[in-house]
**Q** 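Have a look at this one before I ask anything.
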Amino acid sequence: MTETKRKDAIQGEIVHEYDGIEEADNALPNWWLGIFFATCLFAIGYWFYYHEFEVAPTPRKQLEVDLAKIQATESAAPAITDDRLVAMSEDPAVVEAGKTAYATFCLACHDAQGQGKIGPNLTDKYWIHGGAPTNLLDTVTKGVLTAGMPSWEGPLGKQGVQKVVAYVLTLRNTNVPGKAPQGDPWPP
Ligand code: HEC
């Protein structure tokens, strides 16, 4: 039972009062009710649309589908072999893209012509981690973190790494005077 305490000019009937705090009992404004019922209807519609009748995939499901597609295209791409990398190093468009990446990301440590600075000379026939195209791809992909060579798969992506390796292959055996040989001759 509520007991009417008094009528307020603005608030209307005051139904409770406690410690000087008064509570009126007015109808909610229509704009508020309108939004409230609209969101309820939206939620019901949403539920049926995505979860009951599955008219469209939920955003999460869509993401899974997209990821599966990407994976499928990646595994369908031809495997990277020494021959394929050599072929890429003979494709001017690929080499040009690799050269741009080299200038941005590698030049600081391997110098302008690959003659070496902080990193080893890439133009001689000596290689610490092997001089086969797939060896280079491996080193550039994973890096040699303990020796100061960063991993480039994250920043460049798989294809970006392949392109920069294609460019480095064009530097191989150009024998630019620079950093003293490190590693073993390649081919062994
Ligand atoms: C912060 C300096 C740094 C940067 C930047 C860097 N490297 Fe290196 N890189 C090194 C060092 C140091 C090594 C030697 C690693 C070792 O001693 O095992 C190395 C090794 C390598 C090797 C193997 C050399 C060998 O003798 O086996 C290749 C190939 C290579 N880097 C390519 C790249 C490419 C391509 C980029 C750019 C995408 C790059 N590096 C960027 C420092 C760097």
Side-chain angles (χ1 to χ4, degrees), residues 46-47 49-51 54-188:
Y46 186 95
W47 176 260
Y49 189 80
Y50 283 113
H51 294 283
E54 294 179 6
V55 181
T58 57
R60 190 183 182 87
K61 186 107 199 136
Q62 186 63 48
L63 174 71
E64 280 164 14
V65 170
D66 290 348
L67 284 179
K69 251 190 231 157
I70 292 170
Q71 255 166 10
T73 34
E74 271 186 2
S75 49
I80 288 295
T81 57
D82 285 340
D83 288 346
R84 204 173 131 70
L85 284 166
V86 169
M88 286 172 85
S89 75
E90 285 157 2
D91 178 340
V94 174
V95 171
E96 201 47 45
K99 188 175 181 179
T100 309
Y102 182 91
T104 314
F105 299 106
C106 323
L107 186 146
C109 290
H110 292 282
D111 220 342
Q113 292 163 282
Q115 67 271 45
K117 210 188 218 167
I118 296 165
N121 193 329
L122 303 174
T123 69
D124 59 18
K125 63 177 183 140
Y126 293 86
W127 296 88
I128 306 169
H129 302 285
T134 45
N135 293 146
L136 270 63
L137 185 73
D138 232 42
T139 313
V140 179
T141 301
K142 297 183 197 136
V144 190
L145 301 183
T146 48
M149 163 70 177
S151 154
W152 293 100
E153 183 162 26
L156 300 180
K158 276 196 168 68
Q159 307 216 330
V161 169
Q162 288 166 22
K163 287 176 189 162
V164 81
V165 165
Y167 173 67
V168 172
L169 289 177
T170 67
L171 307 176
R172 264 195 325 178
N173 305 323
T174 53
N175 295 308
V176 182
K179 210 167 176 195
Q182 289 169 274
D184 301 312
W186 188 273

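The model shown is predicted, which means the values in this text are computed figures rather than measured ones. Atoms within a ligand are numbered from 1 in the order they appear, just like the ligands themselves.
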**Q** Looking only at protein heavy atoms, which one is nearest to atom 42 (C) of ligand 1, and how far off is it?
**A** G148 O, 3.5 Å
**Q** Give the atoms of ligand 1, by number and element, whose distance to some non-hydrogen atom of W152 is under 4.0 Å.
**A** 5 (C), 36 (C), 37 (C), 38 (C), 39 (C), 41 (C)
**Q** What I want to check is whether the side chains of N175 and T123 have a donor and an acceptor closer together than 3.5 Å.
**A** no
**Q** Can you list every ring pair (Phe, Tyr, Trp, His ring centres under 6.0 Å) pair that touches residues 106-148, not counting sequence neighbours?
**A** none
**Q** Could you work out, for atom 24 (C) of ligand 1, the closest of W127, Y167, W186 by heavy-atom distance?
**A** W127
**Q** Output, by chain and residue number, all protein N/O/S atoms separated from atom 8 (Fe) of ligand 1 by less than 2.8 Å.
**A** H110 NE2, M149 SD
**Q** Is the backbone of K179 close enough, under 3.5 Å, to the side chain of N121 for a donor and an acceptor to pair up by distance?
**A** yes
**Q** For the residue pair V94 and K163, what are the closest heavy atoms and their distance?
**A** CG1-CG, 3.8 Å
**Q** Tell me, which protein residue and heavy-atom name are nearest atom 18 (O) of ligand 1, and how many Å apart are they?
**A** H129 NE2, 2.5 Å
**Q** Considering heavy atoms of the protein only, find what lies nearest to atom 5 (C) of ligand 1 and give residue, atom and distance to 0.1 Å.
**A** F105 O, 3.2 Å
**Q** Examine the side chains of D83 and T81 and answer whether a donor and an acceptor come within less than 3.5 Å of each other.
**A** no
**Q** Whether the side chain of T104 engages the backbone of T100 through a donor-acceptor N/O pair (distance < 3.5 Å, no angle test) should be reported.
**A** yes
**Q** Is it true that a side-chain atom of R172 and a backbone atom of G131 form a donor plus acceptor pair closer than 3.5 Å?
**A** yes
**Q** Taking 4.0 angstrom as the limit and counting only heavy atoms of A147, give me the atoms of ligand 1 inside it, by number and element.
**A** 12 (C), 15 (C), 16 (C), 17 (O), 18 (O)
**Q** In chain order, what residues pass the side chain to side chain donor-acceptor pair (under 3.5 Å) check against N135, with sequence neighbours excluded?
**A** none
**Q** Could you check which of I128, V165, V164 puts a non-hydrogen atom nearest to atom 25 (C) of ligand 1?
**A** I128
**Q** Among residues two or more places apart or on two chains, list those pairs meeting ring pair (Phe, Tyr, Trp, His ring centres under 6.0 Å) that have a residue in residues 150-188.
**A** Y102-Y167, F105-W152
